[in-house]
Amino acid sequence: MSGIGIIGWGKYLPEGRLTNAELAARFNVDDDWIVQRTGIRERRIVEPGETTASLAVEAGRRALKHAGVRPDEISHLILASGTPEQLSPATSAFVQRELGTAGGAHDVNAECASFAYGFVVAAGLMAIDPRPILLIGTDTHSLVVNPEDRDLGVLIGDGAGAVVLAPHSRSWLQQWDMGCDGSKVESLKIPAGGSRLPASEATLRENLHYAQIKGNEIYLHAVRFTVGSLKRTLKAANLGPEDIDHLLPHQANMRIIDSILEHSHVPKDRLISNIEYYGNTGAGSMPIALAEALDAGRIQRGDRIMFAAFGAGMVWVSALIEWGAGEPTEWRS
């Protein structure tokens with residue numbers, strides 16, 4: 001059975017920018033108020049014509065080019081997102097059409113934890129079919145947030161990141177933990193548009209097609225579930241928090257990230273974060289931050305990286321990655 005490793009990466013951020021000054025005027029607050037509560041100074045926002053799939057296509061192209069892998073050499077495309085192109089078909093089908101990847105394609109929706117969920121799913125696929133996999137995290141939450149919602153409005157940004165995964169003699173994925181507590185589904189949701197509450201004139205009038213958040217609940221659940229998951233993964237690996245070289249969390253809110261650091265006892269200098277410049281890009285946040293850290297030369301062979309994420313549901317995931325573990329194995333015939 002083949003292990004899994006990363007051989008290419010890429011990111012794509014829209015050109016549109018949304019600054020704190022613009023939001024401060026909209027919500028009658030000031031720049032400092034936003035920064036103190038979120039750690040964010042500006043965000044990238046899609047422009048007309050840009051979609052969840054179009055961002056994914058650009059990030060996927062860049063990852064494939066970096067890896068030196070042709071689209072027709074991809075065995076499977078995994079599209080990680082909580083803001084699908086439409087209810088049906090899956091967003092991965094739109095991305096596959098544009099990229100021309102071979103093999104299968106499917107979506108993973110664990111909301112903001114989708115990319116890390118997708119990584120674990122990809123490791124399972126790689127074990128039984130040792131050929132390259134394209135994993136893309138992408139979200140356009142700006143399109144599902146009520147323009148009058150201050151709590152979510154100051155947080156969200158749009159973007160996509162991608163990695164090309166290939167077989168290795170030893171898996172980079174060392175340990176992982178995933179979970180869900182469905183009793184917390186009311187903490188963050190988009191009520192209308194599915195089978196539970198089909199879209200109608202009434203749902204549109206009541207703005208039920210927009211995301212709704214209970215901020216205090218999300219904060220408490222996110223910290224508790226993420227820290228618990230991280231500790232379980234470390235225990236399974238027989239490691240302590242000081243053994244992590246890099247903590248790569250979902251870029252949700254700097255206050256949440258700081259609390260995760262505090263309660264997990266991971267040294268703050270191990271943190272990888274770019275939330276200041278992009279905001280919360282959902283499933284795109286982790287691969288975007290990973291690509292930037294790699295391009296900056298921050299991550300070296302042998303480094304231990306801890307993925308840690310949560311999302312609406314509530315779901316959570318942590319995954320311990322050993323960068324450069326093993327050696328690439330041949331997959332071209």
**OP:** Please assess Ile272 against Leu247 for the test side chain to side chain contact (heavy atoms under 4.5 Å, CB included), listing each intermediate value before the final yes or no.
**Re:** CA-CA 6 Å; Ile272 294 175; Leu247 175 64; over 6 Å; no

**OP:** Kindly determine whether Ser92 and Asp107 satisfy side chain to side chain donor-acceptor pair (under 3.5 Å), including the steps that lead there.
**Re:** CA-CA 6 Å; Ser92 56; Asp107 288 9; 3.0 Å; yes

**OP:** Run the numbers on Ile256 and Thr226 for side chain to side chain contact (heavy atoms under 4.5 Å, CB included), then give the verdict.
**Re:** CA-CA 10 Å; Ile256 291 177; Thr226 305; over 6 Å; no

**OP:** Decide side chain to side chain donor-acceptor pair (under 3.5 Å) for Thr91 and Ser81; before the verdict, give the C-alpha distance in whole Å, the side-chain angles of both, and the deciding distance to 0.1 Å.
**Re:** CA-CA 9 Å; Thr91 304; Ser81 181; 5.8 Å; no

**OP:** Report the C-alpha distance between Ser54 and Tyr12 in whole Å, list the side-chain angles of each, state the deciding distance to 0.1 Å, and finish with yes or no for side chain to side chain donor-acceptor pair (under 3.5 Å).
**Re:** CA-CA 10 Å; Ser54 72; Tyr12 180 75; over 6 Å; no

Original post:
Going through the checks in order, is the side chain to side chain contact (heavy atoms under 4.5 Å, CB included) test met by Leu152 and Asn146?
Top reply: CA-CA 8 Å; Leu152 279 173; Asn146 189 328; over 6 Å; no

**OP:** Given side chain to side chain contact (heavy atoms under 4.5 Å, CB included), test Ile6 with Val164 step by step and report yes or no.
**Re:** CA-CA 6 Å; Ile6 296 173; Val164 177; over 6 Å; no

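In this model, no donor atom of one side chain and acceptor atom of the other lie less than 3.5 Å apart for Ser259 and Glu262. Side-chain contact, Glu85 with Thr52: no donor N or O sits under 3.5 Å from an acceptor N or O. Using modelled atom types and a 3.5 Å distance limit, the side chains of His141 and Thr83 yield no donor-acceptor pair. Asp177 and Ser318 are not linked by any side-chain donor-acceptor pair at a separation below 3.5 angstrom, with hydrogens and angles left out of the test. Between the side chains of Tyr278 and Glu292, at least one donor N or O lies within less than 3.5 Å of an accepting N or O. For the residue pair Gln251/Ser273, the side-chain donor-acceptor check at 3.5 Å is satisfied.
The residues Arg301 and Glu327 are annotated as salt-bridged, a charged nitrogen and a carboxylate oxygen being separated by less than 4.0 angstrom. Ionic pairing of Asp258 and Arg255 is not present here: no N-O contact between side-chain nitrogen and carboxylate oxygen is shorter than 4.0 angstrom. Remark: Asp303 does not engage Arg298 in a salt bridge, criterion side-chain N to carboxylate O under 4.0 Å.
Met306 and Trp316 fall within the same hydrophobic cluster, defined by Ile, Leu, Val, Met, Phe, Trp and Tyr side-chain heavy atoms under 4.5 Å apart, directly or through other members. Ile260 and Ile305 end up in different hydrophobic clusters when Ile, Leu, Val, Met, Phe, Trp and Tyr side chains are linked at under 4.5 Å. Residues Ile74 and Ile133 do not share a hydrophobic cluster, clusters being chains of Ile/Leu/Val/Met/Phe/Trp/Tyr side chains in contact below 4.5 Å. Transitive grouping of hydrophobic side chains (ILVMFWY, heavy atoms separated by less than 4.5 Å) brings Ile299 and Phe115 into a common cluster. No single ILVMFWY cluster, assembled from side-chain heavy atoms under 4.5 Å apart, contains both Val120 and Leu320.
Annotation for Glu242: atom CD counts as buried by contact number, over 12 foreign heavy atoms lying within 6.0 Å. Other residues, nucleotides and ligands contribute at most 12 non-hydrogen atoms within 6.0 Å of the CD atom of Glu148. Atom OH of Tyr210 is surrounded by more than 12 heavy atoms from other residues, nucleotides or ligands within 6.0 Å. Residue-environment remark: CG (Asp72) exceeds the threshold of 12 foreign heavy atoms within 6.0 Å. Sparse packing is recorded around CG of Asn238, with 12 or fewer heavy atoms of other residues, nucleotides or ligands lying under 6.0 Å away. Summarising the local packing, CG of Asp32 is surrounded by more than 12 heavy atoms from other residues, nucleotides or ligands at distances under 6.0 Å. Open room surrounds CD on Glu201; 12 or fewer heavy atoms of other groups in view lie less than 6.0 Å from it. Within 6.0 Å of CZ in Arg41 there are 12 or fewer heavy atoms belonging to other residues, nucleotides or ligands.
With Gln96 contributing its side chain and Thr101 its backbone, the two residues share a donor-acceptor pair below 3.5 Å. When atom types are taken as modelled, the side chain of Glu50 and the backbone of Glu47 share a donor-acceptor pair closer than 3.5 angstrom.
Taking all atoms of both residues into account, the shortest heavy-atom contact from Ala162 to Pro287 is N-CB, 4.0 Å. Residues Ala325 and Gln174 share a closest heavy-atom pair of CB-NE2, 4.4 Å. The two residues Glu73 and Gly68 come nearest to each other via the heavy atoms OE1-O, 4.5 Å. Ala116 and Val317 make their closest contact through CB-CG1, 3.5 Å (heavy atoms, listed as atom of the first residue, atom of the second, distance). Residues Ile34 and Thr38 come closest through the heavy atom pair O-OG1, 2.7 Å. Residue Val35 comes nearest to Ile40 through the heavy atom pair CG2-O, 3.6 Å, listed as atom of the first residue, atom of the second, then distance.
Rounded to the nearest 0.5 angstrom, Ile156 CD1 and Leu18 CG are separated by 7.0 Å. Between atom CZ of residue Phe119 and atom CG of residue Leu290 there is a gap of 9.0 Å, rounded to the nearest 0.5 Å. Considering OG1 of Thr281 and CG of Asn274, their distance stands at 7.0 Å, rounded to 0.5 Å.
At a threshold of 4.5 Å between non-hydrogen side-chain atoms, the residues Val29 and Arg150 count as touching. Annotation: side chain of Ile4 is not in contact with side chain of Pro167 (no heavy-atom distance under 4.5 Å). The closest side-chain heavy-atom distance from Ile7 to Val69 is below 4.5 Å. Leu239 places none of its side-chain heavy atoms less than 4.5 Å from the side chain of Ile244. When side chains are defined from C-beta on, Leu134 counts as touching Leu99, because their heavy atoms get closer than 4.5 Å. The closest side-chain heavy-atom distance from Arg61 to Glu58 is below 4.5 Å.
Pairs of residues two or more places apart, or lying in two chains, never qualify as salt bridge (charged side-chain N to carboxylate O under 4.0 Å, His left out) while including a residue from residues 213-231. Sorted by first and then second residue, the ring pair (Phe, Tyr, Trp, His ring centres under 6.0 Å) pairs involving residues 76-103 (not counting sequence neighbours) are His76-His106. Contacts classified as salt bridge (charged side-chain N to carboxylate O under 4.0 Å, His left out) and involving residues 304-321 (residues at least two apart or in different chains) are not found.
Ring geometry, His168 versus Trp172: the interplanar angle exceeds 60°, so the pair is classed perpendicular (tilted spans 30 to 60°). Aromatic ring orientation, His66 versus Trp9: tilted (interplanar angle from 30° to 60°).
When Leu155, Asn20, Thr19 are each tested for a side chain to side chain contact (heavy atoms under 4.5 Å, CB included) with Arg43, only one passes: Asn20. Checked against Leu79 for a side chain to side chain contact (heavy atoms under 4.5 Å, CB included), the options Leu135, Ile136, Val108 give a single hit: Ile136.
Aromatic ring centroids of His221 and Phe310 lie 6.0 Å or more apart.
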